[in-house]
Amino acid sequence: MSALEHARDRVRDAGGPELFERLEHLDAQRSVAPRDAAVAAPDRQATADYDVALVGGGLSIVYAPMLARLGLKTAVFERARAGTTHREWNASRRELSALTRAAVLSETDLEALIVARYERGFCQWFGGARHEVTDVLDHAVDAGALLRALRRHAEAAGVHFYDQHALRGHGAGPSAIALDFDHLGAPRRVTARLMIDARGASSPSCTTDLLCPTVGGVVTGIDVGGGPTQIDPKVGEILVSTEDVEAGRQHVWEAFPGRPGETTVYLFYYDRTERVGPHALMHLYARFFDTLPRYKTGAVRLARPTFGIIPGWSRLSPPPRRPSPRVVLVGDAAARQSPLTYCGFGATLRSFEGASRAIARALFDGPAALDRLDTVVDDTPLHAGTGALAHMIARPDGDPHALNALLDAAFGTLAAMGERPYQQLLRDEMSGADFVRFLHRTSRQFPAVYGSVFDVLGARGVSRWGAQVASGLLRNLGRS
Ligand SMILES: Cc1cc2nc3c(=O)[nH]c(=O)nc-3n(C[C@H](O)[C@H](O)[C@H](O)COP(=O)(O)OP(=O)(O)OC[C@H]3O[C@@H](n4cnc5c(N)ncnc54)[C@H](O)[C@@H]3O)c2cc1C
């Protein structure tokens, strides 16, 4: 049996047929999803069935109870079952508090969803030091229970759910957008005043230049303790590499203790979109099983597979754009999260309340106001700077150890700058001035970085990056 077949069997046995179908669906796709079909647009007199059709019932289901509370007639359409997920999520307490501030969950609901808290976390690059940080990704959440709770709250607020409805096409008219779905082989048409595209990396609008295939899941049996191949239930392992670049990729591990005896372990790599072909996830699973013993020891068993392809936009290429003013992009489809950390959960928590309010205001103000909804989700100028670093991680040419050495120097610099800047970079809150200081101090420690940046981005890329950082800095200074 090949390593690939063996990996497939292990994932199917651990996850069951429904989860395995999700994996195969995601993995069969090319790096950019095929375009949606064009559908005849509703005419001016058409009355829409819904104010908002939220297409994609993953994490962005968090918009549904909020939109309903703002008085919008809302429906959620999902190709599988809305409010289920094949992920596990971590975030800081501050990010999670957005759920209670917006009153989509009560404090008691939120507390019940937190399965573990850590005293600290760390990043460590192969051959380098352990760089510790607190208050970052230090709360592990039961992702399945969170989405189920959000669906319950949305249903109670009057949201309609359409499971097993896969969007095939749409057409926008002067007063509404027509949406064609496939429901178990039968066509179904719905109209809405606005469609929210929340299909994640499967959205054809998600045309990012970077992707991060990620596999792993909840595992049991890792040896407990403070050694490098053991897991400490009080410590989150945020970014860890156990070897240099192999086969043109820098693989990175993550390990977050969960319920007693359980740890969520991921293996991922950053790559340029055009290099991520079909079956990327299954190949990565084969590597996960093969190389996990380099990272953690014990009688390790995969209890619940979790996986996905997270998009990253470096800000050095055109952004994901909505196809019409009657479509709004959110979540991974919009890809405004950090291209360095890919923390889409935290980014959605920061965005959903403000974006929902902007959508409600625009629908109230009339069709011309829909132009205001070009970018509704949170995007920070910091990403204009970190995008180039993400590109370097995605294209590790030359000396196979150079990237680990650079990342060790960069994280060492961050740790030396103090807890605050380190936390702020990982939580997308770093100021422009601190980011420039960070770049400057890293390049002093690691002068080869200039050559690497030039090799990866080329002269035009470097000047575009310089311009982005400068304009981001100015906007950032304006905000701080
Ligand atoms: C393994 C993994 C672990 C992660 N861990 C973290 C973390 O710890 N912290 C963090 O901040 N971020 C994390 N992320 C990132 C985070 O999960 C994503 O950013 C987030 O899920 C994006 O939400 P979304 O609603 O845009 O898309 P998704 O949650 O991916 O949901 C998209 C939904 O759209 C549906 N869909 C697709 N096509 C169609 C169609 N044609 N019609 C109808 N429905 C459709 C899909 O079935 C899916 O349910 C992780 C990602 C992965 C892959």
Side-chain angles (χ1 to χ4, degrees), residues 1-29 56-59 78-90 113 115-116 137 140-148 200-202 211-222 231 236-237 240 242 249 251-269 276-311 332 342-345:
M1 190 188 274
S2 73
L4 207 60
E5 285 163 353
H6 187 58
R8 190 171 279 131
D9 284 354
R10 285 179 79 169
V11 177
R12 192 192 294 111
D13 289 350
E18 195 181 322
L19 197 83
F20 194 71
E21 186 279 330
R22 280 192 176 228
L23 172 60
E24 294 221 296
H25 176 264
L26 205 57
D27 217 13
Q29 290 179 5
L59 171 61
E78 162 60 48
R79 64 166 290 280
R81 181 174 159 75
T84 56
T85 187
H86 40 83
R87 310 271 161 87
E88 296 295 326
W89 288 315
N90 283 67
L113 297 170
V115 295
L137 294 166
V141 171
D142 182 334
L146 168 63
L147 296 198
R148 282 193 299 278
S202 303
L211 291 176
C212 175
T214 305
V215 303
V218 177
V219 304
T220 57
I222 295 181
I231 193 78
E237 304 196 5
V240 177
T242 51
R249 287 178 176 135
H251 291 88
V252 184
W253 294 97
E254 225 182 273
F256 292 109
R259 294 194 173 81
E262 292 186 343
T263 308
T264 299
V265 180
Y266 288 130
L267 178 65
F268 62 87
Y269 60 87
V276 179
H279 313 301
L281 294 178
M282 204 45 86
H283 282 285
L284 191 56
Y285 258 124
R287 187 183 175 96
F288 176 88
F289 293 120
D290 187 36
T291 60
L292 183 59
R294 292 184 196 171
Y295 180 42
K296 295 293 168 200
T297 51
V300 183
R301 190 181 73 84
L302 179 65
R304 205 161 58 247
T306 51
F307 48 81
I309 297 181
I310 319 174
D332 282 0
Y342 287 69
C343 283
F345 178 49

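Just so you know, residue 1 is the first one in the sequence shown, and it goes up from there.
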How far does [atom1] of [X] sit from [atom2] of [Y], to the nearest 0.5 angstrom?
{"X": "Y342", "Y": "D332", "atom1": "OH", "atom2": "CG", "result": "10.5 Å"}
{"X": "L23", "Y": "H279", "atom1": "CG", "atom2": "NE2", "result": "10.5 Å"}
{"X": "L147", "Y": "R81", "atom1": "CG", "atom2": "CZ", "result": "11.0 Å"}
{"X": "S202", "Y": "L26", "atom1": "OG", "atom2": "CG", "result": "5.5 Å"}
{"X": "D27", "Y": "Y285", "atom1": "CG", "atom2": "OH", "result": "10.0 Å"}
{"X": "R249", "Y": "L284", "atom1": "CZ", "atom2": "CG", "result": "8.5 Å"}

Check [X] against [Y] and note the closest heavy-atom contact, atom names and distance.
{"X": "G236", "Y": "P257", "answer": "CA-CD, 4.4 Å"}
{"X": "L19", "Y": "F307", "answer": "O-CZ, 3.7 Å"}
{"X": "T220", "Y": "A303", "answer": "CG2-CB, 4.4 Å"}
{"X": "I309", "Y": "A201", "answer": "O-CB, 3.2 Å"}
{"X": "L267", "Y": "H251", "answer": "CD1-CB, 3.9 Å"}
{"X": "P278", "Y": "A28", "answer": "CB-O, 4.0 Å"}

**Request:** Count the heavy atoms of every other residue, nucleotide or ligand shown that sit under 6.0 Å from CD of E18, and state whether that count exceeds 12.
**Result:** no
**Request:** Please identify each residue that fulfils salt bridge (charged side-chain N to carboxylate O under 4.0 Å, His left out) with R259, with sequence neighbours left out.
**Result:** D142
**Prompt:** Sub-3.5 Å donor-acceptor pair from the side chain of E78 to the main-chain atoms of G57, do we have one?
**Reply:**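 Yes; judged by distance alone, with no hydrogens or angles, the pair exists.
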**Message:** Between the side chains of R79 and E21, is the shortest nitrogen-to-carboxylate-oxygen separation below 4.0 Å, so that they form an ion pair?
**Reply:**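 A salt bridge is present here (some side-chain N lies under 4.0 Å from a carboxylate O).
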Pairing donors with acceptors under 3.5 angstrom, does anything connect the side chains of [X] and [Y]?
{"X": "T84", "Y": "R22", "value": "yes"}
{"X": "Y266", "Y": "E88", "value": "no"}
{"X": "Y269", "Y": "T214", "value": "no"}

**Prompt:** Do the side chains of P213 and V276 get nearer than 4.5 Å, heavy atoms only?
**Reply:** yes
**Message:** Quick one, V215 and F268 - any side-chain contact, counting heavy atoms below 4.5 Å?
**Reply:** no
**Asked** With ring centroids as reference points, do W89 and F256 lie under 6.0 angstrom apart?
**Response** no
**Request:** Starting from the C-alpha separation in whole Å, work towards a yes-or-no answer on side chain to side chain contact (heavy atoms under 4.5 Å, CB included) for R301 and V219.
**Result:** CA-CA 5 Å; R301 190 181 73 84; V219 304; over 6 Å; no
**Message:** Considering only residues two or more places apart or on different chains, which pairs with a residue in residues 1-10 satisfy side chain to side chain donor-acceptor pair (under 3.5 Å)?
**Reply:** D9-R12
**Pair F288-W253, side chain to side chain contact (heavy atoms under 4.5 Å, CB included): steps then yes or no** = CA-CA 9 Å; F288 176 88; W253 294 97; 3.6 Å; yes
**Asked** Given T297 and I222, is the side chain to side chain contact (heavy atoms under 4.5 Å, CB included) satisfied, shown in steps?
**Response** CA-CA 6 Å; T297 51; I222 295 181; over 6 Å; no
